[in-house]
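Below is one structure; the comments refer to it alone.
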Amino acid sequence: MKILFATPECAPFVKTGGLGDVSGALPQALERLGHDVRVLMPAYGGMKVDGDVEGSVDLPGEGHWPAAQLITVQTPTVKLLLLSCPALFDRAGGPYVAPGGQDHHDNAFRFGFLSRVAARIGLPSTPLAGWQADVVHANDWPCGLAPLYLADWRSPLPRGQRAAGVVTIHNIAFQGIFPMATADVLQIPWHWRGMDAVEFWGQMSMLKGALQFSDAITTVSPTYADEIRTEAFGVGLHGVLQAQSHKLTGILNGIDTAVWNPRTDPLLVQNFGAADLAARQANKAALQAHCALALDRSAMLFGVVSRLTSQKGIDLVLQLLPRMVEHGAQLVVLGQGEPWLHEALQAAAQRHPRSVSANFAFDEGLAHNIEAGIDCFLMPSRFEPCGLNQMYSQAYGAPPIVAPTGGLKDSVVDADADRLHGSGFVMKTADAAGFEDAVLRAFAAFADKDRWQRIQRNGMDRDFGWDRSAQQYVRVYEAALAAARG
Ligand code: ADP
Ligand code: GLC
């Protein structure tokens, strides 16, 4: 199949979170299965891409839509289609926000344009000579209008020429909601502005549009696929998802084992594997030194690498932290996000400088060294569509403590519930009491060295690679194509 993987971010070129990792790895796994995959993303200013430029086509402007270029670059990992339109994508800040942290004012137009170009590549008149996608796979709200434009434009085509539209929800908390007037600018057909299409409480929702017009919907874990059909987790879209249940599948993310492998990871102070766990100690010592923590081998060192938002349950960590420190624990946090969490973490680090280290940067190298140097990873998220760090930490011998939600539930085996296979600690309840109980259970297990090593090895021996999940995506694509072609 020819698969167009449309995304606003892709590691290692541009990454703000897990979607970047998924976009960097899943297309490669699909290629390994023999499919022809191109990753469409904006050419953001300042982005570094190594690879061979294979060609470039001009996209003429139409009406108020700007002229742009599509540049094909074969990188060492994926084949990129860079959408170059400096007026929209070459500016200061990140993919979604300006330097001050507020959204770029024209995000609807920027990502509406990305979606439009994605849909065009699914038509026989594709701008890429001869390369018409069979499947246009849109990721999250920034690509959400792609399935809608595609459904509109393909309708007059003979069935055999229709591409399928697939959308993946990485986080339903982000929906791309804009004033309804935006629908004019985005040229959304009039008959698709109602509540059975993009309308959402008087506004327009790009994600809702994707859910209504895709041939298949996926999300990033089986448990989250169930959760988002409930009022508690659906962020207003649970009704739509209930109605579209027949086309919704939960597929657990994998991890890129070429990047996240402690035996070969070039970013680590010391490589190690399940058979030589003792070698891991050098990473712990180096991390303690780097973070100016007490150089104490026996202190249980906890870690967090995360966006610092209320989603991630960092407040639960802050609440229990004084007692954990009293118990001799240390904590390293790496993250960026909401100012109140920065302030609270900064204050904790100032109170306990030899036990708590707070790092507010986006630092890939430190993220890897935290996974390799800590004893235990903390991820008590309020909701977590999939989560990648709990998988990285298991692969790196740092058993995680996780909330019983979403992909966390689907990827961690509780070490008390299953003494033989346990690879971490799953909170019994998603609250402060559940977190405290899990931390106490982890302390108890850590005190028993043999038991702890068994838990570490169980995690390190698990297969979190992408291959199985990529096969599930292929089945979804096939079903979507069958639906599109009737
Ligand atoms: P989410 O996508 O909700 O942020 P995930 O666990 O799926 O959560 O993915 C987060 C990804 O971003 C992981 O690869 C994690 O290591 C990375 N990450 C998050 N914050 C930072 C940071 N401050 N520095 C480096 N990497 C980070
Ligand atoms: C989102 C989710 C996270 C998931 C990631 C990649 O950012 O918050 O749980 O792992 O997307 O799918």
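Order of listing sets the numbers, starting from 1, for every ligand and every atom in it. Predicted model only: the values in this text are computed from it and were never measured.
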With a distance cut-off below 6.0 Å to the six-membered ring centre and an angular limit of 45° from the axis, does R441 pair with F425 as a cation-pi contact?
-> no
With no hydrogens and no angle check, do the side chains of T75 and T77 hold a donor and an acceptor under 3.5 Å apart?
-> yes
Assert yes or no for the condition that the ring centre distance of F446 to W452 is strictly below 6.0 Å.
-> yes
Taking the six-membered ring for Trp and the full ring for Phe, Tyr or His, determine whether the centres of Y473 and H137 are under 6.0 Å apart.
-> yes
Report the part of [X] in contact with ligand 2, treating N, CA, C, O as backbone and CB onward as side chain, heavy atoms under 4.0 Å; options are side chain, backbone, both, neither.
X: E9; value: neither
X: V220; value: side chain
X: D21; value: neither

Qualifying salt bridge (charged side-chain N to carboxylate O under 4.0 Å, His left out) pairs with a residue from residues 223-243, counting only residues at least two apart or across chains = D226-R229
Determine whether any heavy atom of G387 lies closer than 4.0 Å to an atom of ligand 2.
-> yes
Looking at side-chain heavy atoms only, is the closest gap between T405 and F233 below 4.5 Å?
-> yes
Do V135 and F5 come within less than 4.5 Å of each other through their side chains, counting heavy atoms only?
-> no
Pairs of nitrogen or oxygen atoms, one from ligand 1 and one from the protein, closer than 3.5 Å: please tabulate them with distances.
unit_1	atom_1	unit_2	atom_2	d
ligand 1	2 (O)	G18	N	2.6
ligand 1	3 (O)	R307	NH2	2.8
ligand 1	3 (O)	K312	NZ	2.8
ligand 1	4 (O)	R307	NE	2.8
ligand 1	6 (O)	L388	N	2.9
ligand 1	7 (O)	L388	N	3.4
ligand 1	8 (O)	K312	NZ	3.2
ligand 1	9 (O)	G18	N	3.2
ligand 1	14 (O)	K15	NZ	2.9
ligand 1	14 (O)	D21	OD2	2.6
ligand 1	16 (O)	N389	OD1	3.3
ligand 1	23 (N)	A361	O	2.7
ligand 1	24 (N)	D363	N	3.0

Out of all atoms in ligand 2, which are within 4.0 Å of some heavy atom of [X]? Include the element for each.
X: N171; value: 8 (O)
X: R307; value: 8 (O)
X: Q311; value: 8 (O)
X: V22; value: 6 (C), 12 (O)
X: E384; value: 2 (C), 3 (C), 8 (O), 9 (O)

Atom 1 (C) of ligand 2 - nearest protein heavy atom and its distance = H170 O, 3.1 Å
Can you check whether K312 has an N/O within less than 3.5 Å of an N/O in ligand 2?
-> no
Fit a plane to each ring of Y96 and F111, take the angle between them on a 0 to 90° scale, and name the class: parallel (under 30°), tilted (30 to 60°) or perpendicular (over 60°).
-> tilted
Between D296 and K284, does at least one N-O distance fall below 4.0 Å, as a salt bridge requires?
-> no
Can R382 and D315 be counted as an ion pair, charged N to O under 4.0 angstrom?
-> yes
What one should report as the nearest heavy-atom pair of N271 and P262 is ND2-O, 2.9 Å
